[in-house]
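First the structure, in the form of structure tokens, and then the observations on it.
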Amino acid sequence: MIKITLPDGAVREYEAGVSALDIAKSISEGLARKVLAAEINGQVWDATRPITEDASLKLLTWNEDGGKNTFWHSSAHLMAEAVEDMFPGAKFWVGPALEKQPGFYYDIDLGGRQVTEEDLSKLEKKMTELAKQNNSYIRKAMPKAEAIEYFTGKGDEYKLDLLSGLNDGEITFYTQGNFTDLCRGPHIPSTGPIKAIKLTNIAGAYWKNDSNNKMLTRIYGVTFPSQKELDEYLTLLEEAKKRDHRKLGKELGIFTMDDDVGPGLPLWMPNGTIIIEELEKLAKETETKGGYKRVVTPHIAKESMYLTSGHLPYYQDSMYPPMELDGTKYYLKAMNCPHHHKIFSAEHRSYKELPLRLAEYGTCYRYEQSGELFGLMRVRCLHMNDAHIYCTREQFADEFRAVNDMYIKYFRIFGIEKYVMRLSLHEPSKLGQKYINEPELWLETEEMVRQVLKESNIPYIEVPDEGAFYGPKIDVQIWSTIGREFTLATNQVDFAQGRRFGLEFTNKDNAPEVPLIIHRAPLGTHERFIGFLLEHYAGKFPAWLAPVQVKVLPISDKFLPYANSILESLKNADIRGEVDDRNEKIGKKIRDTELMKVPYMLVVGEKEMNDGSASIRRQGKGDLGSKSVDEFIKELTAEIKERRGE
RNA sequence: GCCACUUUAGCUCAGCUGGUAGAGCAACUGAUUUGUAAUCAGUAGGUCGUUGGUUCGAUUCCGACAAGUGGCUCCA
């Protein structure tokens with residue numbers, strides 16, 4: 001007999017070899033029907049796999065992530081079975097559940113054949129048919145030699161490659177119906193629970209995520225235990241598309257792209273420009289308070305500067321090709337750092353001047369690969385909320401903390417809660433190649449950064465081998481409404497460029513010393529930040545950011561003069577207002593203004609004209625009642641000044 | 001850059017198997033002077049992304065290019 005500890009602490013005894021599914025049955029049949037997998041001693045297992053020793057057990061159903069992931073991974077196998085049926089000889093790489101969203105994919109080598117949209121519906125049908133057979137997923141351990149023989153016979157170089165990374169004794173096969181795959185598992189007990197199936201798209205994906213490798217066909221899909229849940233999920237996706245920044249950006253007149261200007265080069269329309277200017281105002285206020293000094297630098301520089309900085313060899317591919325004048329090459333700047341360093345070195349610096357903080361909303365150009373461009377989130381012309389802080393080692397931690405505090409201040413203003421701070425570290429084996437060869441400095445600065453994060457109580461993850469070549473960095477990761485991940489802002493340590501540029505200051509002992517540099521961009525770039533804000537607010541910007549803050553809606557032409565007089569008062573109070581002077585009914589004016597997501601509407605007619613008031617309507621919230629225009633302006637002015645979120 | 005798909009009026013989209021195009025909204029004109037999410041009528045709008053080819057004839061079929069979309073690689 002073995003002892004099984006349940007999550008509530010209860011201990012039950014079973015025969016050795018009992019499965020989680022058996023245990024579930026012993027509790028209740030209803031529970032057993034819902035079990036998809038089980039956590040045995042913290043590891044997710046097949047619910048049908050025999051347990052031979054004392055263990056803690058947690059049953060996993062659709063309600064647990066472990067259950068869902070097992071469900072989706074098993075669905076990938078089901079899809080593979082259908083694919084093999086439709087494309088005999090197809091070779092399979094891996095088919096995991098997606099990490100950040102519902103669903104799964106399988107990477108497949110179809111031997112040059114193509115999958116069409118119609119094929120997807122055929123595959124869906126086939127999968128549904130196979131799922132109904134309710135075939136069990138059967139696990140089988142196999143010696144490595146036998147596995148190699150099996151796949152050599154099949155001529156499957158992909159599975160042989162997978163096998164080469166596995167040790168004898170940990171190799172398992174899973175079979176359901178007519179499909180057998182090398183797989184670590186776990187799987188759900190059988191295909192029956194997979195009731196609703198949708199293959200969402202076909203894509204190419206490099207084998208092992210390496211662009212030098214062959215491209216495999218990746219089929220994405222999502223499955224649910226019921227049609228209802230699938231429908232709900234699909235509706236959710238439709239809803240998400242409505243707040244896609246590309247759609248909102250067009251509807252709200254924020255930006256536009258034009259073929260003749262070029263891909264990835266957004267044109268900021270008047271409404272977008274207002275948001276840009278408000279963000280810059282916020283940044284300037286904040287940075288001035290933080291002791292930053294503003295600078296302005298040219299958009300181009302000679303090749304020699306990028307050779308000095310070391311950027312050219314690393315970065316050339318993502319820079320616009322140079323323009324050549326009198327035998328000298330000039331590049332459009334892809335980053336502002338070297339220009340700022342030149343300002344640092346323009347004067348002799350004393351330790352008394354440090355920390356020196358140079359800030360600029362710098363315009364950069366990056367020749368991103370065409371396939372990488374994405375609305376405002378990934379562009380070729382970007383305006384970066386950039387600054388470089390030159391400081392001593394002693395000052396570093398305080399400076400880094402201050403920058404971190406600035407991030408938090410901003411995120412509070414914008415109500416940004418859903419993000420992950422990512423601490424990107426170096427990889428010791430790549431010192432001298434991908435990373436500057438300063439092992440102690442790496443460890444020292446990484447630890448300083450880690451301390452700052454710990455003290456600020458911000459949740460963060462550490463990622464090895466993601467640092468910049470000149471030092472560790474903290475990135476703020478966010479997700480676009482369609483689920484794509486982006487770095488919104490970045491805060492980087494740099495102990496390399498100072499030396500490359502020969503930057504120095506005279507320290508207390510009258511000796512030259514190289515400053516540490518912090519690169520930081522808490523508001524990222526205008527492009528990505530506004531793209532993010534559009535989705536974050538679903539276009540409903542708070543009053544301080546709204547391109548039009550107040551729309552005055554006269555009931556009829558008779559009240560146009562009164563409406564215009566209110567507009568004058570708004571202008572005098574620095575409030576961005578407009579009058580809807582169209583010959584339309586009030587219902588139509590309200591509808592159009594609501595759709596343009598203008599925060600405040602002032603409806604004015606006979607009554608309001610007589611007592612100098614306005615009927616206030618808040619976007620999305622309806623009629624708020626009447627108020628004197630003066631009082632409204634006073635309140636709105638405060639709301640704007642404080643940059644209130646609601 | 002790679003794989004796949006898409007491109008029709010300012011916008012959102014129809015247009016079966018090849019015979020040079022339609023709707024709604026927006027715009028413009030007129031009527032209406034309106035009280036909290038769409039007043040009515042009329043007018044105007046497109047060498048069907050560009051460019052080769054097949055064909056008596058191409059928006060429709062094929063190719064190239066461009067831009068966009070979904071991914072991969074990459075990234076603020």
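A note on names: the letters A, B, ... follow the listed sequences, proteins ahead of strands, and every chain is numbered from 1.
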Next item on the list: Dot-bracket notation for RNA chain B is requested: 5' to 3', Watson-Crick or G-U wobble pairs only, both distances under 3.5 Å, with ( ), [ ], | and . as defined.
Entry: (((((((..((((.....[..)))).(((((.......))))).....(((((..]....))))))))))))....
Notebook entry, point to check: For atom C1', what is the distance between B:A21 and B:C40, given to the nearest Å?
Noted result: 28 Å
Note to self: Within the 3.5 Å criterion, strictly below it, is a donor on A:Gln316 or A:Tyr306 matched to an acceptor on the partner's side chain?
What the structure shows: no
Note to self: Could you check whether A:His77 and A:Tyr106, counting side-chain N and O atoms only, form a donor-acceptor pair closer than 3.5 Å?
What the structure shows: no
Notebook entry, point to check: Does some side-chain heavy atom of A:Leu265 sit less than 4.5 Å from a side-chain heavy atom of A:Met257?
Noted result: no
Checklist line | Donor-acceptor pair under 3.5 Å, A:Thr487 side chain vs B:A76 base | finding: no
Item checked: Residue A:Ala203, side-chain heavy atoms: nucleotide from B:G1, B:U39, B:G70 that is nearest -> B:G70
Check: Would you say a side-chain N or O of A:Lys208 is under 4.0 Å from OP1 or OP2 of B:C72?
Finding: no
Next item on the list: Check every strand shown and say whether A:Glu608 touches a base, only sugar-phosphate, or nothing at a heavy-atom separation below 4.0 Å.
Entry: base
Checklist line | Under-4.0 Å side-chain N/O to phosphate OP1/OP2 contact, A:Lys250 with B:U12 | finding: yes
Item checked: Pairwise P distance, B:A76 and B:A4 [rounded to whole Å] -> 29 Å
Item checked: Under-3.5 Å donor-acceptor pair between A:Tyr206 side chain and B:G1 base -> yes
Item checked: Whole-Å gap separating P (B:G68) and CZ (A:Phe255) -> 11 Å
Margin query: From C-beta outward on A:Val603, which listed nucleotide comes closest to its side chain: B:C72, B:U36, B:G70?
Written below: B:U36
Check: Within the structure shown, what part of the strands sits under 4.0 Å from A:Gly371 by heavy-atom distance: base, sugar-phosphate, or nothing?
Finding: base
Item checked: side-chain contact (heavy atoms from CB on, under 4.5 Å), paired with A:His388, selected from A:Ile517, A:Val295, A:Ile518, A:Asp494 -> A:Ile517
Notebook entry, point to check: Checking side-chain hydrogen bond (donor to acceptor under 3.5 Å, both in side chains) against A:His383, which of A:Glu280, A:Glu527, A:His526 comes through?
Noted result: A:Glu527
Item checked: Side chain of A:Met215 (C-beta onward), nearest among B:G35, B:U33, B:G71 -> B:G71
Margin query: Just N and O in the side chain of A:Gln114: are any of them under 4.0 Å from OP1 or OP2 of B:A4?
Written below: yes
Next item on the list: For B:U73, take OP1 and OP2 only and decide whether either is under 4.0 Å from a side-chain N or O of A:Asn209.
Entry: yes
Next item on the list: Tell me yes or no: between the side chains of A:Arg218 and A:Tyr220, is some donor less than 3.5 Å from an acceptor?
Entry: yes
Checklist line | Side-chain-base donor-acceptor pair under 3.5 Å for A:Arg378 and B:C74 | finding: yes
Checklist line | Separation of the C1' atoms in B:U47 and B:G42, to the nearest angstrom | finding: 28 Å
Next item on the list: Please determine, for the side chain of A:Thr490, which listed nucleotide (B:A76, B:U12, B:C3) has the closest atom?
Entry: B:A76
Check: Out of B:C72, B:C75, B:U36, which has the shortest distance to the side chain of A:Glu368?
Finding: B:C75
Check: Side-chain donor or acceptor of A:Glu372 under 3.5 Å from a matching atom on the base of B:G71?
Finding: no
Next item on the list: Pick base, sugar-phosphate or nothing for A:Leu488, based on heavy-atom distances below 4.0 Å to the nucleic acid.
Entry: sugar-phosphate
Check: Charged N to carboxylate O below 4.0 Å: is that the case for A:Glu118 and A:Lys122?
Finding: no
Margin query: The test is side chain to side chain donor-acceptor pair (under 3.5 Å); show your working for A:Glu360 and A:Thr297 and say whether it passes.
Written below: CA-CA 8 Å; A:Glu360 173 179 20; A:Thr297 62; 2.9 Å; yes
Checklist line | Nearest listed nucleotide, side chain of A:Ile555, among B:A37, B:U39, B:G35 | finding: B:G35
Next item on the list: Between B:C62 and B:U6, how far apart are the P atoms? Round to whole Å, please.
Entry: 10 Å
Item checked: Selection from B:G71, B:U36, B:A76 that lies nearest to any side-chain heavy atom of A:Tyr220 -> B:G71
Check: Under 4.0 Å between a Lys/Arg side-chain N and an Asp/Glu carboxylate O for A:Arg422 and A:Asp475?
Finding: yes
Item checked: Separation between the C1' atoms of B:U7 and B:C13, rounded to whole Å -> 13 Å
Notebook entry, point to check: In whole Å, what separates the C1' atom of B:G52 from that of B:A66?
Noted result: 15 Å
Check: Does the ring center of A:Tyr158 lie less than 6.0 Å from the ring center of A:Phe92?
Finding: no
Check: At under 4.0 Å, does any side-chain N or O of A:Ser370 touch on OP1 or OP2 of B:G1?
Finding: yes
Checklist line | Close aromatic pair by centroid cut-off 6.0 Å: A:Phe532 and A:Phe414 | finding: no
Next item on the list: Using heavy atoms and a sub-4.0 Å distance, could you list which residues of residues 403-425 of chain A are near RNA chain B? By number, please.
Entry: none
Notebook entry, point to check: Which part of the nucleic acid does A:Asp259 contact within heavy-atom distance under 4.0 Å: base, sugar-phosphate only, or nothing?
Noted result: sugar-phosphate
Notebook entry, point to check: Are A:Glu635 and A:Lys627 ion-paired here, with the side-chain N under 4.0 Å from a carboxylate O?
Noted result: yes
Note to self: How many whole angstroms separate atom CE of A:Met269 from atom P of B:C11?
What the structure shows: 11 Å
Next item on the list: May I have the distance from A:Ile586 (atom CD1) to B:U36 (atom C1'), rounded to whole angstrom?
Entry: 7 Å
Next item on the list: Let me know the distance between CG of A:Leu382 and P of B:A76, rounded to the nearest Å.
Entry: 10 Å
Next item on the list: Report yes if a side-chain nitrogen or oxygen of A:Lys588 is closer than 4.0 Å to either non-bridging phosphate oxygen (OP1 or OP2) of B:A26; otherwise report no.
Entry: yes
Note to self: With rounding to the closest Å, how many angstrom separate the P atoms on B:U60 and B:A26?
What the structure shows: 32 Å
Note to self: Side-chain N or O of A:Arg380 versus OP1/OP2 of B:A76: is the shortest distance under 4.0 Å?
What the structure shows: no
Check: A:Val379 has a side chain; which of B:G68, B:A76, B:C75 sits nearest to it?
Finding: B:A76
Item checked: Pairwise C1' distance, B:G49 and B:U8 [rounded to whole Å] -> 10 Å
Item checked: Ring-ring centroid check A:Phe411 A:Tyr419, cutoff 6.0 Å -> yes
Note to self: Please determine whether any donor N or O and acceptor N or O are separated by less than 3.5 Å between the side chain of A:Arg617 and the base of B:A37.
What the structure shows: yes
Next item on the list: Write down the distance between CG (A:Asn201) and C1' (B:U69), rounded to a whole number of angstrom.
Entry: 11 Å
